Structure formats: C-alpha cells, structure tokens
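Below you'll find the structure, written out as structure tokens, and then a few comments.
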Amino acid sequence: MPVLFDRLLKLKEMFNSKFGSSPKFYVRAPGRVNIIGEHIDYCGYSVLPMAVEQDMLIAVEPVKTQTLQLANTNPLYPDFSTSSNNIQIDKTKPLWHNYFLCGFKGIQEHFGLSNLTGMNCLVDGNIPPSSGLSSSSALVCCAGLVTLTVLGMNLSKVELAEICAKSERYIGTEGGGMDQSISFLAEEGTAKLIEFSPLRATDVKLPSGAVFVIANSCVEMNKAATSHFNIRVMECRLAAKLLAKYRGLQWGKVLRLEEVQTKLGVSLEEMLWITEDALHPEPYSPEEVCRCLGISLQELRTQILSPNTQDVPIFKLYQRATHVYSEAARVLQFKKICEEAPDDTVQLLGELMNQSHASCRDMYECSCPELDQLVDICRKFGAQGSRLTGAGWGGCTVSLVPADKLTSFLANVHQAYYQRSDRNLTFEKQSLFATKPGGGALVFLEA
C-alpha cells in the first residue's frame, strides 16, 4: 500500500493546483489479466481473470453547480467539461472522457435521476492504454463508483458490475462483462472464475511455485476504435442462430452460443461435434446466411446485424464457434486442475494456455505477428504456457513461468523482444512484469 499512499498524496497536490480546492474522496478500480477464456464472456461462457495491481485512481470533489469537470494527470488526455444533466457520448470517437461518461450515465439511468450534482474529478491511471489489460473498463467502473458515492446511494458489487458492463456499450463496444466483473469482485491472492446469468465469482487458487508474467507487445489496439471486435461478436451470434436452426430450435431469440448448448442439454464436446456437422469451414456470405435462416437480406441487416457490421462481406462461423466451445471447455479444465493440484499442475495449465493461444490465432484470428513472436520467445525462455490476453490484435501476453526461472526469463525476454530499437523506446517497467492477483474496486475517504 505505500505506493498507493504516495500516489494519493501526489494526486491531492495536483487536484489542489488544478481546481483550487481539495478532493473529498478517492476511488480506485483495477485492470485485469485474463488467464484463460478469451472472447467467450459475450457468448455466455465463464472466464478466469485476476485483477492486476495497476489501476485507475480518481480524486473527487462534489460541487454545487451542475458541471462535470474532468481532468487527467496524463497531459496526452485533455480536460473536458460538460453539464451533468446532458451527457452525450460520441460513439465515433473513443476519447478518454467518454469512458468516464459511460459509468456516470449508467448510474444516472439506473436510478432514473435527472437533476445530478456536478463534480470535479482528476483521473490518474497506471494501466498501459490499449494493452489488453482493461484500462477502459477500469475507468468506466471507477466512474460508476464515483457517481454512486457522490449520490450517497448503495449497490452491491454484482449490481455495480452489471450496470457498468451495460453502460460501456454506450461507446459502441459489445463486450460481455468480464472486465467490469473482475474490477469489482476481485480479491487479493486469488483468481476468479466469473460466471454469467446470474453473475457470480468463485475463488480459483493458482499454483504456488509459478508466477504469471505480463509482456506488452507494444502494438496498441483500441477495442472501440476497431470493427474487428464487433464483427466477432456478430459472427458468434450468427453461428448460434445457424446451429439452433440446424437442431430444430426456435432460433429467432437465440443470441449466444451458450444458449444453444443449454437448450440442447449437451456437453461442450458434443457442441464441437454439432458444429462440425452443421457449419462449413468456408466463409459464409450474407446471402448464404439468409438462405440458411430463410430470411431476406433486409431482415438480416435490420433485425440481426448491428449498425457497424451491416456491410461485412464474409462471416467465418465455423471457426468462431469452434474457438468458443473449445475455449469454454479449457476454462473448466483449468479450474479443475487448480482444484485437484496434481504434481504436474504447472505443465498441464501451461498446455491449456498454449492451446488457447493457438485457437485465438488460427480459429478466432485475433492475434497479430508481434503477439505470436512474443509468445514464442516467452516459451523459448522457460514459460510453461503463454498466450495473448485481452481482445488481442495487439496488447499483452500472459505467461506461466516457474518461480525459479523468473529472473532469467525476464532478462532473456527483455533482450530478445524489447532490445530492438523501436520497441526499446517504448519499453518501460510496465511492459514486462510479474503479477499476482490484486484486490477489487475501493473508495478512500479524505481524513
């Protein structure tokens, strides 16, 4: 906690010089690393993340005016001011303050409030942006908790997580809720199996004798600025509908791949066999999707596709469904191995992480050459398992490294990946570090 205390003192000083007054309270919300279970939360499946020590920290002073004033300790992020009763979120520009506005608006709408007090807020984040460690969701969660605290209202952590997951969609990201859930439900010293519908979190004790190391590829990927992410969400939705129709289910209301499994009452392994039978590996055109479902192109565009996926020329349904069902099974295997703790736990968990990366790379196509290179380097220098974490297309890898190899692993990976001139410029301590499960979101009151 001494580092956090120093940051709070520094934040208080900066707040004073910025606003000419003192903050009344502070809120922190952590980033997260997803150990296994990529791109499956929005399909209805459980994931296995842990909070990292890096976080978003906001100093707050409620004010009598109805003006929301936002400032950031990072000069790259300009100040922003707006009326607290007229929140406009521009989906076309994922600017930093829009993520704060998502959390603010989510709480405002949950309680149906129109006359909100204003506030001065100074934001300080040490989660590397666009790194796949969930800096944007941490800001949404932080803003939601700030707003709740200013209003003097109470909600459970689960309710807060659900509101923030929903409200992040104001910015156009069709996420599934993992990032917000772990930000609120995390506990120090344990990873969590996060399940959805209803939302719940179960402790998963990670093996002693090994550590998780995060390595940043230094390729930035902004989820809301790219269509890749929302196209994958839609491909999973279309795959669910085609699988449901193939098995004679009422496919119209089916949105997620998990619903097909639940309605059929079969195992994940059986869903993989059904996917083999029902879907072909060749990409589907919108016209073929329409023929399979017996609908018109107009119905597909207006009733199923989201506005930002209406002009997508092809959909890879077989590959996406295969990834989701196999990855969902890997999450459950990972948890089971952690619980049973056999002698070769670290090796078995590493194999699952490696399988996960291969599936993300080949079936979900959410990797990139730099991530693949970094994963190979991590494995070469002693990681039992290594995979991309977060949405992909850039960002970070997470590796499972035996504790006795950690020092040499960090030195060798640094030399092999980051000593290249262009990456050396962007390399910081935040680019390569061992991490352990951190705690969830908190409010600190000014003494």
Side-chain angles (χ1 to χ4, degrees), residues 1-4 30-38 47-55 126-128 131-134 182 186-193 202-217 330-331 333-358 371 373-390 395-419 427-440:
M1 277 299 192
V3 177
L4 181 58
R32 61 97 192 97
V33 58
N34 191 23
I35 298 169
I36 197 160
E38 221 57 76
V47 289
L48 213 154
M50 66 183 187
V52 291
E53 289 149 338
Q54 289 80 355
D55 58 22
N126 60 7
I127 308 168
S131 63
L133 300 180
S134 204
I182 191 66
E187 289 180 71
E188 210 169 317
T190 180
K192 294 279 184 180
L193 180 79
T202 311
D203 289 359
V204 177
K205 189 178 182 322
L206 298 172
S208 55
V211 286
F212 287 94
V213 176
I214 294 169
N216 194 337
S217 69
R330 281 186 285 273
V331 170
Q333 285 172 277
F334 197 101
K335 178 174 182 274
K336 187 166 180 272
I337 292 164
C338 286
E339 285 169 347
E340 292 173 357
D343 291 343
D344 55 350
T345 291
V346 175
Q347 185 191 333
L348 293 172
L349 297 180
E351 283 168 12
L352 289 173
M353 291 171 72
N354 293 337
Q355 289 166 20
S356 170
H357 184 77
L371 279 171
Q373 183 196 359
L374 187 49
V375 159
D376 289 342
I377 287 169
C378 289
R379 289 179 194 159
K380 179 182 172 186
F381 290 116
Q384 287 287 327
S386 188
R387 57 181 291 279
L388 66 83
T389 185
C396 289
T397 62
V398 58
S399 300
L400 183 59
V401 181
D404 58 0
K405 289 185 180 167
L406 180 62
T407 307
S408 64
F409 174 84
L410 293 172
N412 287 325
V413 172
H414 180 232
Q415 190 173 7
Y417 189 78
Y418 298 101
Q419 290 289 3
F427 180 81
E428 303 166 21
K429 277 191 290 203
Q430 294 294 0
S431 298
L432 179 66
F433 57 93
T435 189
K436 50 185 188 289

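Just so it is clear, the model here is predicted, and its values are computed rather than measured.
Note that the CD atom of Gln333 and the CD1 atom of Ile337 stand 6.5 Å from one another [nearest 0.5 Å]. Atom CD1 of Ile182 and atom CG of Leu48 lie 8.5 Å apart (nearest 0.5 Å). In this structure, the separation between CG on Leu432 and OG on Ser399 is 9.0 Å, given to the nearest 0.5 Å. Separation of atoms OG (Ser386) and CZ (Arg379) is listed at 6.0 Å; rounding is to 0.5 Å. Ile377 contributes atom CD1, which lies 10.0 Å from atom CZ of Phe409 (distance to the nearest 0.5 angstrom).
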Run the side-chain donor-acceptor check on residues 205-216: report pairs under 3.5 Å with partners two or more places apart or on a different chain.
from	atom 1	to	atom 2	distance (Å)
Asn216	OD1	Cys218	N	2.9

List the atom pairs, donor and acceptor, that lie under 3.5 Å between side-chain atoms in residues 345-353 and the rest of the protein, sequence neighbours left out.
from	atom 1	to	atom 2	distance (Å)
Thr345	OG1	Pro342	O	2.5
Gln347	NE2	Glu351	OE2	3.3

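With contacts defined as side-chain heavy-atom distances shorter than 4.5 Å, the pair Glu187/Lys192 qualifies. In this structure, the side chains of Thr397 and Leu371 come closer than 4.5 Å at one or more pairs of heavy atoms. In this structure, the side chains of Leu410 and Phe433 stay at 4.5 Å or more apart for every pair of heavy atoms. Two residues are said to be in side-chain contact when any heavy atoms from C-beta on lie closer than 4.5 Å; Val33 and Met50 meet this criterion.
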Full working for salt bridge (charged side-chain N to carboxylate O under 4.0 Å, His left out) between Lys436 and Glu188:
CA-CA 8 Å; Lys436 50 185 188 289; Glu188 210 169 317; over 6 Å; no
Derivation and outcome, side chain to side chain donor-acceptor pair (under 3.5 Å), residues Ser356 and Arg330
CA-CA 8 Å; Ser356 170; Arg330 281 186 285 273; 4.7 Å; no
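Taking every heavy atom of both residues into account, Leu133 and Pro128 meet most closely at CD1-CD, 4.2 Å. Residues Asn34 and Thr389 come closest through the heavy atom pair O-OG1, 2.7 Å. Between Gly37 and Val47, the shortest heavy-atom contact is O-CG1, 3.2 Å. For Gly439 against Pro30, the heavy-atom pair with the smallest separation is O-CG, 3.3 Å. Counting all heavy atoms, side chain and backbone alike, Glu38 lies closest to Leu388 at OE1-O, 3.7 Å. Across all non-hydrogen atoms, the minimal contact from Lys335 to Val204 is CG-CG2, 4.2 Å.
Using a distance-only test at 3.5 Å, with no hydrogens or angles considered, a donor-acceptor pair links the side chain of Arg387 to the main chain of Ile35. A donor-acceptor contact shorter than 3.5 Å links the side chain of Ser217 to the backbone of Gly395. Listed for the Asn354 side chain is a donor-acceptor partner under 3.5 Å among the backbone atoms of Gln384.
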